[in-house]
Structure formats: structure tokens, C-alpha cells
Amino acid sequence: MQNISKIINGKQYAENLLKEIFPLSNHYSKKFLRNPCLAVLLVGEDPASKIYVKNKILTAEKNNITSVEIKLPIDTSEEHLLNEIYKLNKDTNVDGILVQLPLPLHISEKLIIQSINPSKDVDGFHPINFGKLLMGDPDFVPCTPLGCFYMLKKELNELDGKNVVIIGRSNIVGKPMASLLLSSNCTVTVTHSKTKNLKEHCSDADILISAIGKPEMIDDTYIKPNAIIIDVGINRLKLENAKTNEKKYKLVGDINFESVINVSQKITPVPGGVGPMTIACLMHNTVKAAFLNKNEKFVNII
Ligand code: NDP
């Protein structure tokens, strides 16, 4: 049986954060006579990307944030996408721009990310925002690490001196996560596919964060007793019924939840952990962009 007190409920944390954001977006609407506005660009028909975009737009609508969805076909040229972004950069009624990744291979993600006005870069991937985060003075922090950080701050009163091991060094999760936690006085180790003795590193972690995309790879043999575990991984497992040939899909994280829950202090589930927080943080960043772009103060919630 699952020990519910050990579960870090990302869905609940996301609801709490959205409750704090809602009055801010309302206040903005009253003052500037329009809602904060998020533009989302989706190129192609990738099923997972379509679901992510749909969820982002639904959450925006529920939180007094206007969304503009721009759907483009898979054969959209890089030039066309750049032109769409330039139009949104200039549009004073648009506060945040998000390009759903991954993009088709003929489009350079690097070029597209760099074309977004940093003051509208609510994903926090632009080099200027990345640099500011690294310097400990961020404007926009990438949503997934920001969501993990929010939950860690709520779960632990004190982050100072904690040993954190992050598995995965992507620009979207691992690197910004490391920056945030380093600025919060953690001792951070970032590991990756070439790391030697991964288990040894992990077994020293007070906080273990996994973002590798390998289904249930991390079991209790990696875990320091009483550690806090954040599972960023989202992996779709195909389950096939041998008798009926019926296929089902199950979402699992990088962590073998059943094996790890007993040895850890607390753990985020998949689904219902990091995912909902990522979307809530996108709303946070959009409302923040709306205020900053009007030269208004925004008191950080996270
Ligand atoms: P990337 O593929 O960009 O990065 C994966 C990282 O994991 C790389 O640094 C890679 O190392 C490392 N890695 C891969 N295999 C191993 C291994 N066996 N041992 C140690 N390190 C390994 O992925 P993302 O960062 O974009 O995403 C990671 C996971 O998080 C995915 O499952 C993704 O779906 C999920 N995700 C979830 C989000 C959410 O909202 N919950 C948001 C974003 C991502 P190397 O650099 O050496 O190749």
C-alpha cells in the first residue's frame, strides 16, 4: 500500500500557486484593461506536444490569461516561423511567447529561441535569461526547474547545505535546476550519461532530481535513506495484453516509484508531480512578463 504522507502532491502545489497568481492577473486586467496574454506556437502534429499545448491553453483560460494559439504545419519554413515570432515580439498586446519544443529537424531550435524577445521569453530559454539565472539574478526561470524548486522550498524549510544530485544536464531541466539550487546554497552535483559511478553519486544525495527520460531506471539502490526525490521524467510505457493483443499506455517516471517510496522521505509521483507544476509556473512567468513589460513591480512568489 502507498504511504500517502510520503507523496509530494504536485497537483495540489500547482493549484496553490495558481490561487496566488489569479488575483495578480485580475489586478493586471483591471489596471490595463486587458488580460495578460500568452502566445503559443505549435509546429506540426506531434501528439504529446498537442496535449501539452492544449493543457497550457486551458490552464491560461481558467486563470484570466488570454491565449493565442498559432498552429503551423510540419513543413513550415524556418523563415516563416521567425516572421511569426517577430510579429509577436512587436505586438504590445502579447506578453509571453512560447514555442512548443521539439521543433521539426529542418528548423534550428537554437535560432528560434534566440529570436524571441527576452522580455517575452516565458520559457526562460533565451541566452540572456539563461545568463541572468546563472548570475543569480533571473527574470524568467525555465518552468520545469522553477516548479521543482517551488515544491522543494515548500517541503523543506531550509535548503542551505543540502547535497543535491541532478541526473541529466539538459538546458531545459538539469542546468537551470543546478543554477537555482546553487544560488540557494545547496551543494550541487550534475550527472549525465558519461558519469562514472552514478549510483555512488546518487547515494550521497539529500535531494535527488532525475531528468533523463529512462523509464524507472532509478531504484532504491541509488537512494540515500530519507532522501527527497523529484522525478521529472515522463516516459510512455506500452503495455500489451498477450491474450487479447490489446495495447495500453502507462506514464512512468525515471524513478521506480514502488522500490523507492519506502526508503525515501518524500517523492513526486508521475503523473501528478512535476508536470502540473510546470504549467502553473508558465502562468506565473506570463503574469510576471505582463507586469514587467508595463514597467510595473512584480513581487516574486517563488
Ligand atoms: P534530454 O534528452 O535533453 O536530456 C536527458 C539527459 O539525461 C542528458 O543530459 C543525458 O546525458 C542524461 N542521461 C540519459 N541517460 C542517462 C543515464 N543512463 N544515466 C545518466 N544520465 C543519463 O531530456 P530533457 O531534459 O528534455 O527531459 C528529461 C526527461 O524529463 C524526459 O523524460 C522528459 O519527457 C521529461 N520532462 C518533463 C517535464 C515535465 O514537465 N514534467 C518537462 C521537461 C522534460 P547526456 O547529456 O550525456 O546525453
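Just follow the structure's listing: the first ligand is 1, and inside any ligand the first atom is 1. Quick note: residue numbers are just sequence positions, from 1.
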Completion exercise
In chain-and-number order, ligand 1 lies under 4.0 Å from a heavy atom of each of T144, I167, G168, R169, S170, V173, H192, S193, L198, A211, I212, G213, K214, M217, V232, G233, I234, N235, V274, G275, T278
Exercise for the section: Could you check whether the rings of F291 and F298 sit parallel, tilted or perpendicular, using 30° and 60° as the cut-offs? Expected result: tilted
Handout entry: Salt bridge present between D139 and K132 (N-O < 4.0 angstrom)
Key = yes
Fill in the blank from the handout: Across all chains, not counting sequence neighbours, the side-chain contact (heavy atoms from CB on, under 4.5 Å) partners of E158 are D160
Exercise for the section: May I ask you to say whether E240 pairs ionically with K248, meaning some side-chain N is under 4.0 Å from a carboxylate O? Expected result: no
Exercise for the section: Starting at OG1 of T144, measure out to CD1 of I172 and round the result to the nearest 0.5 Å. Expected result: 8.0 Å
Problem - Residues, nucleotides or ligands: over 12 heavy atoms within 6.0 Å of L239 CG - result: yes
